[in-house]
Amino acid sequence: MLENLRELYQEIVFDHNRNPRNFRPIENADRKIEGYNPLCGDRITLYLKLENGRIADIGFQGQGCAISTASASLMTEIVKGKTLTEAEKLFMTFHAIVTGQDERLKLKELGKLAVLAGVRQYPSRIKCATLPWHSLEAAIKGQQEPVSTE
Amino acid sequence: MRQTALRPSAYPIAAIRADFPALHQKVHGKPLIYLDNAASSQKPRQVIETLAEFYAHDYANVHRGVHTLSERATARFEAAREAVRRFLNAKERAEIVFVRGTTEAINLVAQSYCRPRLQAGDEVLISAMEHHSNIVPWQLVCREKGAKLKVAPMNQKGELQLDEFAQLLGPQTRLVAVAHMSNALGTINPVKEICALAHLHGIPVLVDGAQAVPHLPVDVQALGCDFYAFSGHKLYGPTGIGVLYGKRALLEAMPPWQGGGEMIRRVTFEATEYNDLPYKFEAGTPAIAEAVGLGAAIEYLERLGLEAVERHEQELLAYATAKAKEIKGLKIIGEASSKGAILSFTLEGIHPHDVGTFLDHYGIAVRAGHHCAMPVMDFFNVPATTRASFALYNTYEEVDSLMAAIQEIIKVFG
């Protein structure tokens, strides 16, 4: 594989693309939201089960590129068990880093999610990585209407 | 398959490539292979130099001044119009309206031809393989007037179903609008037959020629179409300039679309007398240098000969198609028997966006997405495709590089 693509397409991205975690609907979900990227046709449906202000369970379905699938998969792993406030804070940090808004932010705050930081170098692909997170943000806020990146 | 060396009059590919400065650069350390020509094509130095030289010597506003520069600019602007007339074999220069591009040409016809005529219950007929720009302008005007937008179906190969198309023509049909060549599939539609069928009912036909003009000779009189639209930037010319051809009788009966300078003969606060064709439809200062540049692009194509270009691209497409079919997991989207040099495909389990990013790192520019033809993607039940679209400067070696890169991508994602 081409060396300069490795920063974006790390092994963990391929792993989550081949075997996305929590790739399932949740019956009786407390929150359900659809996300759509009209530029590339990526779609995601996100399901949240809440208990005492925490994300007790989370699942997603949809179709997208390796970056958006891996991003969604990693996101569900990381926010499961977190409070809504914690999840929202993660969203802000993730968004700031992948859109290159704040260089001072430490990648280690993202943990495993840092593998997606390489997307900063690819303006046309940033929305692939952020679509699942925008959907989560909307779900946390209790939004009903589908989320669109445009 | 690869028999170029056997042909007596070899296509001057090396000389052609030397004319296109943008092709000679590296992307991510690899020689650029530009296969996004259906989106927009690169420009030969003849066009680039014409723009610079025109601005340096002859530039002024047109049709206004009595001074020398204005007269020179006007002469060159009108010479470009004559080049377009010749290129399309239109009867007269007055039938060539300069617009911003194909999209504006179609909107002009929707607003100026259709809008005053459409009534509730009327129909506009398009095909299932149209670009959004040949769908939305009709939707807008149909919605306003309570008219219906009808869609003639295609088959799984991406060919228009001519029988069903004929069935959809009726007393309510006010206009037919079809692509000459599909941007997402490459399908070349039987425009001559379509026009003949529509004319049996007295229905005019608009042909969206954006994709066709760079690839095959177009003769609007032989096709029999009533309107023909295309853009300069896909034809190796500048952006911001395009053409609407319309038969004189139709254009004359149409009201102006936009008001302003240039399109008038006499203005008082009570009334305005409109200018003659084509100026009636060219309000405001036009894209003068861009029109002159388009003229240079047409002359470039005429020197090469569109027949030779068409032959080269058809051979390239046949070669690429055969090679693509050898790749396991690759599915070609669009297999019409009459097809232009577009190879749209999907790779099993790999999203086109990933394919596009990978190919870019191999120096290969393609389009990944829905190609502004979402209904076509829905029809084939794919969210998107990867599209390699060829032009007169592409080579067999570039096809080989594309196929090798695709094999690599399959290996990495496998």
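Keep in mind that this is a model prediction, so the values were computed, not measured. Below, chain A is the first sequence line, B the second, and so on; all start at residue 1.
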* To do: Assess whether atom CD of Q144(A) is packed by more than 12 heavy atoms of other residues, nucleotides or ligands within 6.0 Å.
  => no
* For L5(A) and T357(B), run side-chain contact (heavy atoms from CB on, under 4.5 Å): C-alpha distance rounded to whole Å, both residues' side-chain angles, the deciding distance at 0.1 Å, then the answer. => CA-CA 9 Å; L5(A) 267 173; T357(B) 296; 3.9 Å; yes
* To do: For E348(B), look at atom CD and say whether over 12 heavy atoms of other residues, nucleotides or ligands are found less than 6.0 Å away.
  => no
* **Over 12 foreign heavy atoms within 6.0 Å of CD, Q25(B)** => yes
* **Atom NZ of K32(A) with >12 non-hydrogen neighbours under 6.0 angstrom** => no
* Quick check: are there more than 12 heavy atoms from other residues, nucleotides or ligands sitting under 6.0 Å from CZ of R100(B)? -> no
* Structure fact -> Here the gap from D42(A) atom CG to H351(B) atom NE2, rounded to the nearest 0.5 Å, amounts to 4.0 Å
* Would you please indicate yes or no on a ring centroid separation below 6.0 angstrom for H361(B) and Y9(A)? => no
* Ignoring hydrogens and geometry, is there a side-chain-to-backbone donor-acceptor pair from R43(A) to P383(B) under 3.5 Å? -> no
* Any sub-3.5 Å donor-acceptor pair from D354(B)'s side-chain atoms to A66(A)'s backbone N or O? -> yes
* Asked: Under 6.0 Å from the NZ atom of K30(B), do we count more than 12 heavy atoms belonging to anything else shown?
  -> yes
* Mind listing the closest non-hydrogen atom pair of M374(B) and Y36(A) along with its distance? => CE-OH, 3.8 Å
* Asked: Does a side-chain N-to-carboxylate-O contact under 4.0 Å join R125(A) and D360(B)?
  -> no
* Asked: In a check of side-chain contact (heavy atoms from CB on, under 4.5 Å) between H353(B) and each of S68(A), S124(A), C128(A), which one passes?
  -> C128(A)
